[in-house]
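As the structure lists them, so they are numbered: ligands from 1, and atoms in each ligand from 1.
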Amino acid sequence: MDSDIREILVDEQQIARRVKELGEEISRDYAGRPLVLVCILRGAVVFMADLLRAITIPVTIDFMAISSYGNNVRSSGVVRILKDLDGSIEGKDVLIVEDIIDSGLTLAYLLENLRSRRPNSLEVCVLLDKQVPRKASLPIRYTGFTIPDAFVVGYGLDYAEKYRNLPYVGILKPEVYSEVQS
Ligand code: 5GP
């Protein structure tokens, strides 16, 4: 797997440090308020597991699965809910935990959908924010890292369901795409 990676963008130590900082910040900001972390499956699952353990205040978790790129590297703009939350978020303080924001289409849809369920507050914590021009500005409260506009894998992020278990975030070699697509 490592041999398919062209460059490591964020290594294991950098991720661990930043996740700890985010956990501390979130714990301070939400002190005394019951927090619900909503993990967006499947890419955010590794980040969620680490972030959850870096948070020191009481917290509950829920999961939502939405359609993503499939085996493609660009967002289709069509977002479908594959698995909805198990619990109600009405009146609750909700923090969406997302792996990466590219065009922002997925997040814009999620925010609109979850806002309509009347949470007390709704914020976003994203591990990776790609530096790309976006039509609308997105209200991202917590960001792990800002990265260049490249397709990345690892630490939960996949390409054709592979590479999620890499402990770092890296850029794939271009020849890997052509192998999978052919
Ligand atoms: P957006 O809707 O912001 O364009 O894309 C968001 C979703 O697309 C993310 O939740 C993720 O599933 C997927 N995605 C966006 N960029 C990347 C990337 O560089 N690598 C991987 N593996 N998935 C990405």
Side-chain angles (χ1 to χ4, degrees), residues 1-12 14-15 18-19 22 37-52 61-85 94-115 122-181:
M1 271 196 317
D2 293 288
S3 59
D4 290 348
I5 303 299
R6 193 183 76 198
E7 183 192 340
I8 294 180
L9 272 189
V10 195
D11 69 27
E12 240 180 302
Q14 289 171 301
I15 294 174
R18 188 71 189 115
V19 169
L22 288 171
L37 291 184
V38 169
C39 173
I40 309 304
L41 296 171
R42 285 174 278 210
V45 78
V46 179
F47 178 39
M48 172 76 161
D50 284 344
L51 183 67
L52 181 61
I61 59 173
D62 209 337
F63 296 87
M64 200 162 171
I66 49 178
S67 60
S68 71
Y69 291 178
N71 287 2
N72 217 326
V73 294
R74 277 293 156 203
S75 186
S76 64
V78 180
V79 181
R80 270 187 317 130
I81 295 181
L82 306 176
K83 182 223 167 288
D84 207 342
L85 298 175
V94 176
L95 183 60
I96 299 176
V97 179
E98 185 48 308
D99 52 357
I100 188 165
I101 301 183
D102 186 351
S103 68
L105 288 170
T106 308
L107 187 60
Y109 169 84
L110 269 174
L111 283 166
E112 194 192 319
N113 183 292
L114 295 182
R115 235 176 241 137
L122 183 64
E123 304 283 356
V124 180
C125 177
V126 67
L127 179 71
L128 305 167
D129 186 4
K130 272 194 204 177
Q131 275 175 316
V132 292
R134 293 190 187 119
K135 287 194 192 91
S137 72
L138 294 165
I140 302 169
R141 176 89 175 259
Y142 308 96
T143 302
F145 303 91
T146 302
I147 60 165
D149 185 11
F151 189 81
V152 295
V153 296
Y155 197 69
L157 290 145
D158 75 311
Y159 177 60
E161 290 306 322
K162 243 180 111 177
Y163 310 107
R164 291 193 198 274
N165 52 327
L166 286 175
Y168 53 81
V169 174
I171 301 178
L172 271 184
K173 289 179 180 164
E175 57 265 34
V176 179
Y177 303 127
S178 38
E179 277 166 26
V180 176
Q181 277 163 358

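Residue contacts with ligand 1: Phe151 is included, with a non-hydrogen atom under 4.0 Å away. Distances from ligand 1 to the non-hydrogen atoms of Val152 include at least one value under 4.0 Å.
The main-chain N or O of Ala150 is found under 3.5 Å from a side-chain atom of Lys130 such that the two form a donor-acceptor pair. Distance alone, capped at 3.5 Å, places no donor-acceptor pair between the Glu112 side chain and the Tyr109 backbone. No donor-acceptor pair under 3.5 Å is formed between the side chain of Arg80 and the backbone N or O of Ser67.
Between the side chains of Tyr155 and Asp50, at least one donor-acceptor pair of N or O atoms lies under 3.5 Å.
For ligand 1, the polar-atom distance check finds an N/O of Gly104 within less than 3.5 Å of one of the ligand's N/O atoms. The N/O atoms of Thr106, backbone and side chain alike, include one that comes under 3.5 Å of an N/O atom in ligand 1. Not a single N or O atom of Ile101, backbone or side chain, sits closer than 3.5 Å to an N or O atom of ligand 1.
Smallest separation of non-hydrogen atoms from Tyr168 and Glu12: CB-N, 4.3 Å. In plain terms, the two heavy atoms of Val10 and Ile15 that are nearest each other are CG1-CG1, 3.7 Å.
Of the heavy atoms in Asp99, only side-chain atoms (C-beta onward) come closer than 4.0 Å to ligand 1. Contacts of Ala150 with ligand 1, taken as heavy-atom pairs under 4.0 Å, involve the backbone alone.
Those atoms of ligand 1 with a heavy atom of Asp158 less than 4.0 angstrom away are 21 (C), 22 (N). The Glu98 neighbourhood of ligand 1 comprises atoms 10 (O), with distances under 4.0 Å to a heavy atom of that residue. The contact set between ligand 1 and Lys130, taken as ligand atoms under 4.0 Å from a residue heavy atom, comprises 16 (N), 17 (C), 18 (C), 19 (O). In the vicinity of Leu105, heavy-atom distances shorter than 4.0 Å reach the ligand 1 atoms 2 (O), 3 (O). Atoms of ligand 1 found under 4.0 Å from any heavy atom of Leu157, numbered from 1 in the order shown, are 21 (C), 22 (N), 23 (N).
Every residue two or more places apart in sequence or in another chain that forms a side chain to side chain contact (heavy atoms under 4.5 Å, CB included) with Leu41 is listed here: Cys39, Val45, Phe63, Ala65, Lys83. Partners of Glu7 under the side chain to side chain contact (heavy atoms under 4.5 Å, CB included) rule, at least two apart in sequence or in another chain, are Leu9, Ile171.
Closest heavy-atom approach to atom 9 (C) of ligand 1 among the candidates Val153, Val169, Ile100: Ile100.
We find the CD1-CE distance between Ile61 and Met48 to be 4.5 Å, quoted to the nearest 0.5 Å.
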